[in-house]
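Below is one structure, written out as structure tokens; the observations come after it.
Every chain is numbered from 1 and lettered A, B, ... according to where its sequence line falls, protein lines coming before strand lines.
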Protein chains: 2
Amino acid sequence: MFSKACEYGIRAVIYIWSQSKKGNKLGVKDICKEIDAPEYFTAKILQALARQDIVSSTKGPNGGFYIDKEQENIHLMDLVVAIDGDKLFYGCGLGLKQCSAANPCPIHHEYKEIREGLARLLKTKTLRELAEEVSSGKATLHSII
Amino acid sequence: MFSKACEYGIRAVIYIWSQSKKGNKLGVKDICKEIDAPEYFTAKILQALARQDIVSSTKGPNGGFYIDKEQENIHLMDLVVAIDGDKLFYGCGLGLKQCSAANPCPIHHEYKEIREGLARLLKTKTLRELAEEVSSGKATLHSII
DNA sequence: AAAATAAAATACATTTTTATCTTTTATTAG
DNA sequence: CTAATAAAAGATAAAAATGTATTTTATTTT
């Protein structure tokens, strides 16, 4: 469903969120250790997210990634679109260039429901909520090894 | 959501179904022209599907792909799994190796709903039904060019 | 039996995704 | 001001997905 880049990105950002409340910044190495993701690859993703203003970052000692006031009301949807784009949310399930109610593919209507359900989920969930799930121990970002 | 291979595969098989009732076999070239898919690539996919007994084929003059009695009750799910595997239907949305109600990722419950909704759709739809949509003109397998 | 046909198999090429390593730049602590 | 730190940027590489072309095999028609 989501690309690997997106999976790592979501996990990384949720982790940053879950720690950012305490005001501290997080290094890529720490993040990747916690979420069990490849370091250099995840670094690239976070840098791209910083450029798109989904997360913030500073260089130098005590630097790292963190969440800024302006990023407080970001939804999971914004994050997913920033990494994977929005093709998943408007594209045809069977890959037709044009597919609509007027000219539908054989699964158009049912697939549309699924797609919209997913969009609804991602638009409903704020990063804040997801981070809270993790902070409170109700959810996890890595497999128990 | 689905791979390109899967998109082409679904469209190709639905088209074969929609024509197979008339008893005729279809060549790859004809299929690809109709569904607007790359010929050689789609041929590979259909060959793999023939090996997995999702469709039938014969070589030689008047040969081609067709649907056999034993393939009559195949669901869209069987086809998708034959091409893309079943990872989409059991895997974690955030890519965790272990993710369950007991040890959930932050979107486990909601994502599970989406995933199961998709599985339900694919398990409900038979190829026969989908082909009928196309035959009757209610649905299409290619963009109007 | 020979020629024609079409899938099957094989080989190859390109693009995208995933992943790693190195160098540069900005920032801060001492 | 200098050294240390950590992100940013750039280069490279491996793997997977996508796409194309050629050769082989099975079948049928003549």
Side-chain angles (χ1 to χ4, degrees), chain A residues 1-13 15-16 19-20 23-33 35-68 80 82-85 87-88 94-95, chain B residues 1-13 16 19-20 24-33 35-68 80 82-85 87-88 94-95:
Chain A
M1 188 90 79
F2 303 128
S3 70
K4 281 284 158 198
C6 197
E7 291 177 358
Y8 300 146
I10 296 173
R11 285 176 12 219
V13 173
Y15 182 60
I16 296 168
Q19 299 291 308
S20 201
N24 47 343
K25 301 178 181 109
L26 299 172
V28 170
K29 194 170 285 186
D30 294 335
I31 295 168
C32 290
K33 196 172 291 177
I35 68 170
D36 186 30
E39 189 176 325
Y40 295 111
F41 189 49
T42 306
K44 296 245 152 182
I45 299 160
L46 285 172
Q47 283 160 27
L49 291 175
R51 272 195 298 276
Q52 292 180 79
D53 217 51
I54 304 285
V55 296
S56 299
S57 66
T58 50
K59 297 180 179 181
N62 301 322
F65 292 92
Y66 62 100
I67 301 300
D68 213 72
V80 168
I83 303 174
D84 277 352
K87 223 196 78 190
L88 185 59
L94 302 188
Chain B
M1 186 92 78
F2 303 127
S3 69
K4 280 284 158 199
C6 197
E7 291 177 358
Y8 299 146
I10 295 173
R11 275 154 47 197
V13 172
I16 296 168
Q19 298 293 307
S20 201
N24 46 344
K25 299 176 182 114
L26 299 172
V28 170
K29 195 170 285 185
D30 294 337
I31 295 169
C32 290
K33 196 171 292 175
I35 68 170
D36 187 30
E39 188 176 326
Y40 294 113
F41 189 50
T42 307
K44 297 230 158 187
I45 298 159
L46 286 172
Q47 284 160 25
L49 291 175
R51 274 196 297 276
Q52 293 180 78
D53 217 53
I54 303 285
V55 296
S56 300
S57 67
T58 50
K59 297 180 179 181
N62 301 321
F65 292 92
Y66 62 101
I67 302 299
D68 213 71
V80 169
I83 302 174
D84 276 353
K87 222 196 78 189
L88 186 59
L94 302 188

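Within the 4.0 angstrom heavy-atom criterion, no nucleotide atom of any strand lies near Tyr66(B).
Residues satisfying the ring pair (Phe, Tyr, Trp, His ring centres under 6.0 Å) test with Phe65(B), not counting sequence neighbours, are none. Evaluation of the ring pair (Phe, Tyr, Trp, His ring centres under 6.0 Å) rule for Phe41(A) yields Tyr8(A) as partners, not counting sequence neighbours. Residues passing the side chain to side chain donor-acceptor pair (under 3.5 Å) test with Lys33(B), sequence neighbours excluded: none. Not counting sequence neighbours, Thr42(B) has no partner by the side chain to side chain donor-acceptor pair (under 3.5 Å) test.
Taking atom NZ on Lys4(B) and atom P on dT16(C), their separation rounds to 12 Å, with Å as the unit. Taking atom NZ of residue Lys25(B) and atom P of nucleotide dA26(D), one finds them 18 Å apart after rounding to whole Å. Taking atom CZ on Phe41(B) and atom P on dT14(C), their separation rounds to 17 Å, with Å as the unit. One can place CG of Leu49(B) at 14 Å from C1' of dA7(C), the figure rounded to the nearest angstrom. Between Ile83(B) atom CD1 and dT18(D) atom P there is a gap of 11 Å when expressed in whole angstrom units. For Glu39(B) and dA21(D), the CD to P distance is 10 Å, given to the nearest whole Å. Protein atom CD of Glu7(B) is 15 Å distant from nucleotide atom C1' of dG19(D), rounded to whole Å. In this structure, Tyr8(B) atom OH and dT20(D) atom P are separated by 8 Å, rounded to whole Å.
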Kindly list each side-chain donor-acceptor pair under 3.5 angstrom involving residues 54-61 of chain A, sequence neighbours excluded, with atom names and distances?
from, atom 1, to, atom 2, distance (Å)
Ser56(A), OG, Gln71(A), OE1, 3.0
Ser56(A), OG, Gln71(A), NE2, 2.9

Just do the side chain to side chain contact (heavy atoms under 4.5 Å, CB included) check on Lys25(A) and Asn62(A) with the steps written out, would you?
CA-CA 7 Å; Lys25(A) 301 178 181 109; Asn62(A) 301 322; over 6 Å; no
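Sorted by first and then second residue, the salt bridge (Lys or Arg N to Asp or Glu O under 4.0 Å) pairs involving residues 1-12 of chain B (not counting sequence neighbours) are Lys4(B)-Glu7(B).
For the helix from dA1(C)-dT30(D) to dG30(C)-dC1(D), the terminal axes (five pairs an end, C1' atoms, rotation from four pairs onto the next four) enclose an angle of 0°, given to 10 degrees.
Rounding to the nearest 0.5 Å gives a distance of 11.0 Å between CD1 of Ile31(A) and CD1 of Ile45(A).
Side-chain contact between Val80(A) and Leu88(A) is absent, with no heavy-atom pair separated by less than 4.5 Å.
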Does the protein touch nucleotides 6-15 of chain D at the base, only the backbone, or not at all? Give it as B, S and - per nucleotide, heavy atoms under 4.0 Å.
BBBBBB----
